[in-house]
Amino acid sequence: MGKWYVVWHGRTPGVYSTWEEARQQVEHFPGARYKAFLTREAAQQAFEARSPNDSDLPASQLPVTALPDKVRRGYAVDAACNSITKEMEYRCVRIADKQEVFRRGPFPDATNNVGEFLAIVHALAWLRQQGSTAPVYSDSMIATFWIAEGKCRTRLPRTDRNAELFERIARAEQWLAENDYCNAVLKWRKDEWGENPADFGR
RNA sequence: ACAU
DNA sequence: GTATGT
Ligand SMILES: [Mg+2]
Ligand SMILES: [Mg+2]
């Protein structure tokens, strides 16, 4: 038995019997909402609701309004590092509306984990300056460990090109040592909430 | 293995 | 497929 595909939001919303047809409605359609069901009846019923129940959507399509309140009040950080060029950048967005609040980089001769670490510290400093105690979400286990330790445990070798980066790492560690912050640093639960809203999409 |  | 990390 083939699956049935509901397209709530796409070029032509409807119930489709093949992925071939359904994909043409949703591919390259930003914000598309769609999901496969096992039976035609289940698909039809879901489609007739006109708008998908959050519980029907895969995590990748969850609207921010479906997130827990505590999460919606927070900020998300993420880093991107090209594994060929070793160029890294990082940024932070307000989760409620995905508005970018800062972005830094690119930094040469870096690593993903250094970027994830610097992003969190920068967010903590920025939030303190804003007088905000909102939580910071990162999808990086490594960086959240390093924050808890107050130490960036990178194995990245120093080069002539990453002196500024190591300077930033030192300043970040110093900031952690000298400042108390009450913002929680929490794991972004990709499995439950979908992609990190600060993700670079690369 | 887990998270990137 | 590559690399960063616990
Ligand atoms: Mg990340
Ligand atoms: Mg990302």
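In this text the structure is predicted, and so the values were computed from the model without any measurement. Note on naming: letters A, B, ... go to the chains in the order of the sequence lines (proteins, then strands), and numbering restarts at 1 for each one.
OP1 or OP2 of C/dT6 has at least one side-chain nitrogen or oxygen of A/Trp146 nearer than 4.0 Å. The shortest distance between the side-chain N/O atoms of A/Thr154 and the OP1/OP2 oxygens of C/dT4 is not below 4.0 Å. Within the 4.0 Å cut-off from OP1 or OP2 of B/rC2, not a single side-chain nitrogen or oxygen of A/Lys187 is found. Put simply, A/Arg155 has a side-chain N or O that comes within less than 4.0 Å of OP1 or OP2 on C/dT6.
Proximity note for A/Lys190 (side chain, C-beta onward) versus C/dG1, B/rU4, C/dG5: the nearest is B/rU4. Among the nucleotides B/rC2, C/dT6, C/dA3, the one closest to any side-chain atom of A/Met141 is B/rC2. When distances are taken from the side chain of A/Ser140 to each of C/dT6, B/rU4, C/dG1, the shortest belongs to B/rU4. Nearest nucleotide to the A/Val114 side chain, out of C/dG5, B/rU4, C/dA3: C/dG5.
As judged by a 4.0 angstrom heavy-atom cut-off over every strand, A/Ser138 is placed among residues making no nucleic acid contact. Counting non-hydrogen atoms under 4.0 angstrom, A/Thr111 reaches the backbone sugars and phosphates but no base. In this structure, A/Asn112 reaches the bases: a heavy-atom distance under 4.0 Å links it to at least one base atom across the strands shown.
What separates CZ of A/Arg189 from C1' of B/rU4 is a distance of 16 Å, to the nearest Å. The nearest whole Å value for the distance from the CD1 atom in A/Ile120 to the P atom in C/dG5 is 14 Å. One atom, CG of A/Asn113, and another, P of C/dT6, lie 8 Å apart when rounded to the nearest Å. One can place CD1 of A/Ile169 at 14 Å from P of C/dT4, the figure rounded to the nearest angstrom. Put simply, CG on A/Asp191 is 12 Å from P on B/rC2, counting in whole angstrom units. C/dG5 atom P lies 12 Å from atom CZ of A/Phe117, rounded to whole Å. Distance, A/Glu149 CD to C/dG5 P: 13 Å, rounded to whole Å. For the pair A/Asn82 CG and C/dT4 C1', the computed distance is 14 Å after rounding to whole Å.
Electrostatic pairing of A/Arg104 and A/Glu89 does not count as a salt bridge here, judged by no charged N lying under 4.0 Å from a carboxylate O. Here A/Glu167 does not pair with A/Arg171 in a salt bridge; the nearest charged N to carboxylate O distance is not below 4.0 Å.
In terms of heavy-atom proximity, A/Arg128 sits nearest to A/Asn179 at NH1-OD1, 3.4 Å.
Residue A/Trp193 is tested with A/Lys190, A/Arg189, A/Glu195 for a side chain to side chain contact (heavy atoms under 4.5 Å, CB included); the sole match is A/Arg189.
Applying the ring pair (Phe, Tyr, Trp, His ring centres under 6.0 Å) test to pairs two or more places apart or on separate chains, those with a residue in residues 63-87 of chain A are A/Tyr75-A/Trp126.
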